[in-house]
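For reference, the structure discussed in these notes is given below.
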Amino acid sequence: MSRNSELFERANRSIPGGVNSPVRAFRSVGGTPRFIKRAQGPYVWDADDARYIDYVGSWGPAILGHAHPDVVAAVQDAAANGLSYGAPTEAEVELAETLVARIPSIEKVRLVSSGTEATMSAIRLARGATGRSKIIKFEGCYHGHADSLLVKAGSGLLTFGNPTSAGVPAEFIQHTLVLDYNDLDAVKAAFSQYADNIACVIIEPIAGNMNLIRPAKGFLEGLRELCTQHGALLIFDEVMTGFRAGPQGVQGLTGITPDLTTLAKVIGGGMPVGAFGGRADIMDHIAPLGAVYQAGTLSGNPVAVAAGLATLKHVAQPGFYEALSQQTQKLVTGLAERARAAGITMTADSVGGMFGIYFRDEIPTSFAEVSDANIDLFNRFFHGMLDKGVHFAPSAFEAGFVSATHDDAVIQTTLDAAEQVFATLNG
Ligand SMILES: *Cc1c(COP(=O)(O)O)cnc(C)c1O
């Protein structure tokens with residue numbers, strides 16, 4: 001028996017489903033998850049010492065590749081000075097200043113420890129600042145696992161086909177309106193129905209939790225206008241896209257400025273860091289200045305902040321995102337070409353260092369269209385690639401991630417493997 005299987009069996013005895021986050025369990029693709037014992041650059045090694053080219057990248061954070069020496073050194077230095085103080089530090093001010101300087105919408109920012117905390121806090125803040133109750137979210141967008149946001153949320157839940165989670169009382173989500181991504185008319189209708197009781201619209205401005213889905217032309221602009229017109233706040237959940245789609249997130253790419261922005265993943269460089277920030281007048285509603293309570297024992301943790309700062313320093317180097325986008329494009333065009341040559345129906349898309357591959361004939365624009373892909377074909381592709389040492393995300397509803405260490409040779413090895421796998425998929 002493989003060591004991965006042994007560990008999975010053992011894990012299942014003490015951890016529900018054997019994992020600490022559902023999609024890791026391979027439920028959607030079947031088979032045994034790989035237990036990772038080491039990672040370096042574009043590679044991870046599993047418990048059986050098999051090496052994989054990694055396109056999961058810790059679900060986004062590993063943008064510099066795994067175990068980047070500068071990030072590791074920053075963590076080691078910080079750890080030697082103590083792991084946590086529960087008091088302010090200069091490094092967290094530096095991280096806050098970096099986020100203010102680079103993310104257009106952020107004038108003030110508060111650090112937390114995860115994306116879930118960031119979005120949960122941003123929603124509370126939006127409600128507290130506007131004195132309104134209702135929120136609008138979009139089907140297929142995932143904003144962490146806070147109660148009011150677990151309504152037809154993406155990734156793990158989609159994979160299991162559950163529209164929502166047990167344990168969330170209906171009363172808790174009665175103020176959450178779920179609309180179709182890219183359906184501006186539905187947003188207009190919601191605003192005319194609930195006029196001045198909508199606190200905020202929260203959106204992944206490029207969705208990355210129902211595979212990769214771009215906003216349609218005019219959609220984000222429309223949201224911005226409607227929110228401004230009705231006194232609601234626009235929240236961009238850039239937990240995934242921040243410092244991943246581009247140097248200033250999607251707001252930098254589109255020029256559309258939300259009122260609040262949530263971040264995590266890349267800003268922690270692999271350590272637990274999240275953040276929510278935005279207009280200073282809104283942020284000043286947070287305690288101790290204002291009446292919206294929010295706190296965290298490990299918020300701004302010095303070791304985590306050190307990893308984030310070291311990471312953000314690297315991505316600021318000239319040409320970083322151009323190179324990352326280019327490698328990601330090489331990957332997806334190469335995959336699409338090889339699929340076509342093998343007679344497989346597949347399309348692909350990428351933005352910055354994130355990508356989507358879809359086993360359908362057109363790039364999807366909504367959750368319904370993503371769901372309409374050939375999931376069985378994806379699953380066979382996934383396992384074929386895994387057998388050849390390439391680790392894609394274990395679900396057709398997840399985006400993929402490329403790091404700065406995915407060089408031409410790594411991409412070529414991936415494409416060669418894909419060519420062989422596509423040949424086995426037909427028929
Ligand atoms: C990952 C993710 C979250 C949740 O972040 P965690 O750190 O896993 O809690 C929220 N929103 C988006 C867009 C994400 O991709």
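In each ligand, atom 1 is the first atom listed, and ligand 1 is the first ligand listed. Values below: every heavy atom of this structure, side chains too, minus hydrogens, waters and symmetry copies. Heads up: numbering here begins at 1 and tracks the sequence.
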Inset, instruction - List the steps, then state whether salt bridge (Lys or Arg N to Asp or Glu O under 4.0 Å) holds for D48 with K37. - result: CA-CA 9 Å; D48 290 306; K37 65 177 188 191; over 6 Å; no
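Taking all atoms of both residues into account, the shortest heavy-atom contact from D237 to P205 is O-CD, 3.5 Å.
For atom 4 (C) of ligand 1, the closest heavy atom belonging to the protein is T116 N, 3.7 Å. Ranking protein heavy atoms by distance to atom 3 (C) of ligand 1, first place goes to V239 CG1, 3.6 Å. Scanning the protein for heavy atoms near atom 7 (O) of ligand 1, the closest one is G115 N, 2.8 Å.
Using a 4.0 Å cut-off between heavy atoms, E204 contacts ligand 1 through its side chain alone, with no backbone atom that close. Contact annotation for T241 and ligand 1: no heavy atom of the residue comes within less than 4.0 Å of the ligand. At a heavy-atom distance under 4.0 Å, only side-chain atoms of K265, from C-beta outward, approach ligand 1.
Using a 4.5 Å heavy-atom threshold, the side chains of Y358 and I363 count as touching. Between F367 and Y181 there is no side-chain heavy-atom pair separated by less than 4.5 Å.
Counting only heavy atoms, the protein gets under 4.0 Å from atom 11 (N) of ligand 1.
Of all the atoms in ligand 1, the ones that sit under 4.0 Å from a non-hydrogen atom of N209 are 12 (C), 13 (C), 14 (C), 15 (O).
A centroid separation of 6.0 Å or more is found between the aromatic rings of F397 and Y142.
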